[in-house]
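So the structure is just underneath, and the comments pick up after that.
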Amino acid sequence: MSGGTFEVWAEHLEGKGQPNSKYCLYKPDNTLKQIRLYDANGYAWLNIDFTHSGEKHVFPHVHMWDWSKVKIGQKPRGGDINLDEIEDKLEDWICRIIKLNLL
Amino acid sequence: MSDYKAKFTVIPCAVCGQLVDVDNFGQGKCKHCGWHQSEICLEYSDMVAYPNMVSFNKAKTLYKQGLPLKPSLDDFIEGLDFYKEMEFEYLGVLYGVLWSRNIIELGEYFEKDPAKWQYFDNFEEFKQKAYIGGKLLKDIWDDVTNADYMICR
């Protein structure tokens, strides 16, 4: 089984989920606080944070997961890729998509 | 959009052996010792990996010694290196630690004034110079509680 969107009311999301899926994490008052995307192997690959600590941060913003430190399977993530640059671009794209209510 | 309905099964905790509910990906937190069941943490048993704050091997050692699975400051920094956004409590106050664009920030979780945050260029500087209330974080770390990956609040 693969794909899908799931709504979660919990403290946090897990590192693994349904392959190729999107999990939306809500506060008890149904405010969206985080979206996590999972790759084809079910590993988290992107967070979109809508609220948390940090006065420098704009919301929503994105974080790519870097599993390269644990070398999942034969396909480590990260490596020589500059994740900050990718995050900057993704953040811009995702903010635009959210504004268009397409996510 | 689908409802989230994880299918739970019960397995023995990898650290303490008590029964723990896990989802269909083998993930679940042990109510007895606090270990999050995770195949990644088992495979890379000497590393701090989400969602646990200590390595599997260290967790087993701590449990055998009757100690809580509390991360050292080095464990916390290893978690920060991976997840970028962490939190902890000290004397009932919640703090956030964030790492982005090669800057590490430390401040009270809900503090909005940039002047009240501390900034560090690297992990070693954070480890050696971060302070709370005039005391170095490394010196008060034993009194820190709930050191964990940041939860969106």
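Quick note on labels: first sequence line is chain A, next is B, and so on, each numbered from 1. Atom set for the values below is all heavy atoms of this structure, side chains included, hydrogens, waters and symmetry mates excluded.
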**Study point:** Portion of Tyr83(B) that has a non-hydrogen atom of chain A nearer than 4.5 angstrom
**Key:**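 Contact with chain A is through the side chain of Tyr83(B) alone.
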Portion of Glu39(B) that has a non-hydrogen atom of chain A nearer than 4.5 angstrom:
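The answer is the side chain of Glu39(B).
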message: Using ring centroids (six-membered ring only for Trp), state whether Trp35(B) and Tyr63(B) fall under 6.0 Å.
response: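 No, they do not, as the ring centres are separated by 6.0 Å or more.
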Q) Residues in side chain to side chain donor-acceptor pair (under 3.5 Å) with Asp142(B), at least two apart? A)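 Expected list: none.
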Tell me, for Lys16(A) versus chain B, whether the close heavy atoms (under 4.5 Å) come from the side chain, the backbone, both or neither.
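Its backbone and side chain both get close to chain B.
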Salt bridge or not between Asp46(B) and Lys58(B)? Use side-chain N to carboxylate O under 4.0 Å.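 No, no charged N to carboxylate O under 4.0 Å.
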* If you count heavy-atom pairs under 4.5 Å between each of Gly17(A), Ala10(A), Gly15(A) and chain B, which one has the most? ->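 So the answer, after comparing Gly17(A), Ala10(A), Gly15(A), is Gly17(A).
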Going by the side-chain contact (heavy atoms from CB on, under 4.5 Å) test, name the single residue among Leu25(A), Asp49(A), Asn47(A) that passes it with Arg36(A).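 When Leu25(A), Asp49(A), Asn47(A) are each tested with Arg36(A), the side-chain contact (heavy atoms from CB on, under 4.5 Å) holds only for Asn47(A).
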